[in-house]
Amino acid sequence: MNVADFLIVLGSVLLAMILIVLIAFLIYMLAFDRNQKSHSILRNYPLLGRIRYFFEKIGPEMRQYWFNSDTEGRPFSRDDYEHIVKSAKYSRDVIGFGSKRNFEEEGFFIRNDMFPKLNEELKVDKEEKVLTKKYILLKDPLFMQREEKREDEEANAYLLHDDEAVVIGPALEHPFVVKGQIGMSAMSYGSLGDRAITALSEGLALAKGAWMNTGEGGLSPYHLKGGVDIIMQIGPGLFGIRDKQGGVDWEELKRKSEIPEIKAFEIKLAQGAKTRGGHIDAEKVTPEIAAIRKVEPYQSIDSPNRFREFADVPSICEFIEKIRAHTGKPVGMKIVIGGNDSAEELAKYMKETGKGPDFITVDGGEGGTGASYQELIDSVGLPIKSALPILAATLKKYGVRDRVKIIASGKLFTADRIAIALAMGADLVNIARGFMITVGCIQTLKCQSNICPVGVATTDPDLQKALVIDEKKYRTANYLITLREGLFRLAAAAGLDSPVHFQPKHVMYKDDKGVVTSLEDILHEIEGQTAASEQADIKVGQKRTRPIGV
């Protein structure tokens with residue numbers, strides 16, 4: 001037998017063995033599927049059932065990349081996602097041909113001025129520059145990887161002028177002075193990995209004028225990597241400042257306040273997508289995370305849905321006063337608005353006592369989270385465009401609006417959304433998922449599982465290798481700078497020299513019939529609703545206090 005014949009025989013034998021193994025495997029699977037008791041379709045149709053479950057498994061990816069239109073994906077459409085990515089990667093946010101917005105639908109529009117401001121008339125800090133890097137697209141062929149290069153760029157930071165900086169707690173020993181109106185919303189180390197937190201910290205610091213919120217998981221060394229300003233969040237679990245009994249360690253709080261990067265503290269009462277306590281699975285609670293949070297390693301953590309330290313407005317205000325006295329720094333609260341009277345008691349107490357927060361973060365129900373329950377995400381808490389005007393109107397009604405700054409959050413990831421929020425009463429805005437996308441998030445919707453394939457929402461060291469800090473930090477900076485530039489561009493179109501001057505009169509609302517209403521009129525109506533709610537409460541209280549028989 002020659003070599004050729006030998007190889008033919010050997011190949012035939014190997015092929016036959018492979019076929020036998022495959023047939024045996026298929027017979028085994030058929031027998032297994034017909035006898036298992038969990039899946040009805042597999043008992044009757046084993047092969048078709050397996051094919052069905054395969055396509056079901058890849059369904060989200062198929063919809064995201066093939067079947068959803070550019071504007072219909074959720075939580076972020078393909079257009080939303082690409083807008084963030086292109087701003088971050090290429091420092092460009094221009095589009096061609098026309099808008100994809102459906103102008104037949106109802107929505108808000110920014111009112112342009114007949115005589116917009118020229119660039120040289122804008123009141124922007126022209127001295128601050130940012131040394132960043134951006135990509136230049138050279139070729140984008142169909143069947144080969146796109147060709148691009150990264151180059152250095154000196155960009156204008158687009159910070160507010162010193163005269164118009166937002167000051168939180170101006171009368172305090174250590175006020176928080178903010179020259180950019182956009183910061184990073186609460187994202188804990190543990191929910192995100194150390195590389196993601198580091199890239200965000202360094203990118204925000206690179207862009208200047210921003211801040212990052214630690215989330216309720218406590219301050220980690222990765223939040224401090226970039227030297228960016230930090231708002232330290234304190235959740236009901238008191239992570240990072242708790243003693244062994246689970247109460248507040250006031251000495252530890254004092255030590256944290258002495259860290260120069262920490263500019264303010266935020267008490268988390270609720271979060272738009274998670275109006276309950278936080279949760280982190282046991283496998284995510286590494287010894288390092290446990291040490292940061294001051295808990296036991298490799299045990300799941302559930303923070304309660306309410307602080308044990310207080311249960312009403314007077315007691316939370318006393319808690320705020322005590323933190324402020326210990327730290328000398330501004331103290332705020334994060335809330336979710338559920339109705340017209342949600343902030344009524346707080347605003348009234350602030351007026352009567354002079355106590356209360358230095359800032360309020362209002363989170364809309366459309367906000368994101370690492371892990372929560374569907375019924376809470378979908379149906380508890382008002383969206384930001386309803387919640388924000390209610391809060392601003394209530395504070396204004398009681399004459400305490402000037403004492404407190406408002407930070408808004410809830411899918412405010414583009415300059416026009418931010419401008420409308422500012423017109424509705426916000427002083428500043430927070431963004432979370434937009435910044436996650438800048439460091440690589442592709443919306444696999446697996447944040448709760450610790451198997452994020454791009455290394456963002458995971459503490460798995462192998463998966464985190466995908467995230468290159470020295471590349472992603474520039475994307476974070478570019479995205480933030482592009483947003484701030486867009487804000488100034490919108491301000492100029494509205495005849496304003498700075499985005500701090502956006503007011504209700506600069507926004508119009510068009511309904512689905514084409515009828516236009518000014519945001520001013522809408523806010524007047526909301527103010528009337530909050531007043532009516534207060535009167536109803538007074539009548540109910542009077543009725544309850546009447547003697548029997550009267």
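When reading the values below, keep in mind they use all heavy atoms of this one structure, side chains included, and skip hydrogens, waters and symmetry mates. Because the structure is predicted, anything quoted here is derived from the model rather than measured.
Using a cut-off of 4.0 Å between Lys/Arg side-chain N and Asp/Glu carboxylate O, D80 and K411 are scored as not salt-bridged. Using a cutoff of 4.0 Å between basic side-chain nitrogens and carboxylate oxygens, K254 and E251 are not scored as salt-bridged. Here D249 does not pair with R242 in a salt bridge; the nearest charged N to carboxylate O distance is not below 4.0 Å. With respect to K396 and E527, a salt bridge is recorded, a charged nitrogen being found less than 4.0 Å from a carboxylate O. A salt bridge does not link K348 to E345: none of the charged side-chain nitrogens sits closer than 4.0 Å to a carboxylate oxygen.
In terms of modelled atom types and a separation under 3.5 Å, the side chain of H223 and the main chain of L219 share no donor-acceptor contact. Counting only distance, with no hydrogens or angles, the side chain of K397 and the backbone of A347 share no donor-acceptor pair below 3.5 Å. Of the possible donor and acceptor atoms, none in the side chain of S188 sits under 3.5 Å from a partner among the backbone N and O of G190. At distances below 3.5 Å, at least one donor-acceptor pair connects side-chain atoms of T482 with backbone N or O atoms of N478. Under a 3.5 Å cut-off, the side chain of T361 and the backbone N or O of K334 do not form any donor-acceptor pair. Side-chain atoms of R403 come within 3.5 Å of backbone N or O of K355 as a donor-acceptor pair. At least one donor-acceptor pair closer than 3.5 Å links the side chain of Q464 to the backbone N or O of R195. Between the side chain of S386 and the backbone N or O of L382, no donor-acceptor pair lies under 3.5 Å. With hydrogens and angles disregarded, a donor-acceptor distance shorter than 3.5 Å links the side chain of R401 to the backbone of G425. K263 places no side-chain N or O within donor-acceptor distance of the main-chain N or O of V177, the cut-off being under 3.5 Å.
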Inset, instruction - Go through the steps for K322 and E318 under the test salt bridge (charged side-chain N to carboxylate O under 4.0 Å, His left out), then give the verdict. - result: CA-CA 6 Å; K322 191 171 181 180; E318 292 302 325; over 6 Å; no

Inset, instruction - Kindly indicate, with the supporting measurements, whether the criterion side chain to side chain donor-acceptor pair (under 3.5 Å) is fulfilled by N156 and E128. - result: CA-CA 6 Å; N156 191 328; E128 288 287 355; over 6 Å; no

Inset, instruction - Could you please spell out the steps behind the salt bridge (charged side-chain N to carboxylate O under 4.0 Å, His left out) verdict for R255 and E258? - result: CA-CA 5 Å; R255 285 192 291 272; E258 292 169 352; over 6 Å; no

Inset, instruction - Take D358 and V404 through the side chain to side chain contact (heavy atoms under 4.5 Å, CB included) test and state the conclusion after the steps. - result: CA-CA 5 Å; D358 298 296; V404 58; over 6 Å; no

Inset, instruction - Could you check D93 against L483 for side chain to side chain contact (heavy atoms under 4.5 Å, CB included), going step by step and ending with a plain yes or no? - result: CA-CA 9 Å; D93 55 353; L483 281 179; over 6 Å; no

Inset, instruction - For side chain to side chain contact (heavy atoms under 4.5 Å, CB included), just list the numbers for Y222 and L200, CA-CA rounded to whole Å, side-chain angles, deciding distance to a tenth of an Å, and then say yes or no. - result: CA-CA 9 Å; Y222 310 106; L200 290 166; over 6 Å; no

Legend entry - Full working for side chain to side chain donor-acceptor pair (under 3.5 Å) between Y349 and E344: CA-CA 9 Å; Y349 188 82; E344 199 81 30; over 6 Å; no

Inset, instruction - Under the side chain to side chain contact (heavy atoms under 4.5 Å, CB included) rule, what do K385 and F108 come out as? Steps first, then yes or no, please. - result: CA-CA 10 Å; K385 287 178 182 175; F108 288 97; 3.8 Å; yes

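Nearest approach of K329 to I259, heavy atoms of both residues: NZ-O, 3.5 Å. Closest of all the heavy-atom pairs between I320 and G356 is CG2-O, 3.8 Å. For the pair V429 and A421, the tightest heavy-atom approach, listed with the atom from each and the gap, is CG1-CB, 4.3 Å. S498 and L160 make their closest contact through OG-CD2, 3.9 Å (heavy atoms, listed as atom of the first residue, atom of the second, distance). The shortest non-hydrogen separation linking E153 to S91 is OE1-OG, 3.9 Å. Counting all heavy atoms, side chain and backbone alike, P357 lies closest to I360 at CG-CG1, 3.8 Å.
The environment of CD in E127 is sparse: at most 12 heavy-atom neighbours from other residues, nucleotides or ligands sit within 6.0 Å. Applying the 6.0 Å contact sphere to CG of D462 captures more than 12 heavy atoms from other residues, nucleotides or ligands. In E82, the CD atom is crowded: over 12 heavy atoms of neighbouring residues, nucleotides or ligands sit closer than 6.0 Å. At most 12 heavy atoms of other shown residues, nucleotides or ligands fall within 6.0 angstrom of atom NZ in K86.
Using a 3.5 Å distance cut-off with no hydrogens or angles, the side chains of S185 and S409 do not pair a donor with an acceptor. D427 and Q181 are not linked by any side-chain donor-acceptor pair at a separation below 3.5 angstrom, with hydrogens and angles left out of the test. A donor-acceptor contact closer than 3.5 angstrom is absent between the side chains of Y398 and E352. A donor and an acceptor atom, one from each side chain of E471 and Y135, are located under 3.5 Å apart. A side-chain donor from one of N213 and E266 sits under 3.5 Å from a side-chain acceptor of the other. Side-chain atoms of E202 and Y474 include no donor-acceptor pair closer than 3.5 Å.
When side chains are defined from C-beta on, P75 counts as touching L445, because their heavy atoms get closer than 4.5 Å. Inter-residue side-chain proximity for T214 and Y189 is flagged as unmet; no heavy-atom pair is nearer than 4.5 Å. At least one side-chain heavy atom of E164 sits less than 4.5 Å from a side-chain heavy atom of H501. Looking at R417 and T414, their side chains come closer than 4.5 Å, going by heavy atoms from C-beta outward. Taking the side chain as every heavy atom from C-beta outward, T132 and E154 never approach each other to under 4.5 Å. Within the 4.5 Å cutoff, the side chain of I316 has no heavy atoms near those of the E309 side chain. Proximity of Q443 to F76: side-chain heavy atoms (C-beta onward) are separated by under 4.5 Å at one or more points. No side-chain heavy atom of S220 sits less than 4.5 Å from a side-chain heavy atom of I289.
Note that NE2 of H326 is 14.5 Å distant from NZ of K256, once rounded to the nearest 0.5 Å. One finds the CD1 atom of I469 at 7.0 Å from the CG atom of D194 (value rounded to the nearest 0.5 Å).
Every residue meeting the salt bridge (Lys or Arg N to Asp or Glu O under 4.0 Å) condition with K133, not counting sequence neighbours, appears here in chain and number order: D152. Residues forming a ring pair (Phe, Tyr, Trp, His ring centres under 6.0 Å) with F310 (at least two apart in sequence, or on another chain): F307, F319.
Ring orientation note: the planes of Y479 and F435 are nearly perpendicular, at an angle over 60° on the 30°/60° scale.
With L428 as reference, I168 is the one residue of I418, I182, I168 to meet the side-chain contact (heavy atoms from CB on, under 4.5 Å) rule. Of the options I406, I384, L388, I390, a side-chain contact (heavy atoms from CB on, under 4.5 Å) to M424 is made by L388 and by none of the others.
Y90 does not carry K134 over the face of its six-membered ring by the limits of under 6.0 Å from the centre and within 45° of the normal. Judged by a 6.0 Å distance limit and a 45° cone about the ring axis, R484 is not positioned over the six-membered ring of Y158.
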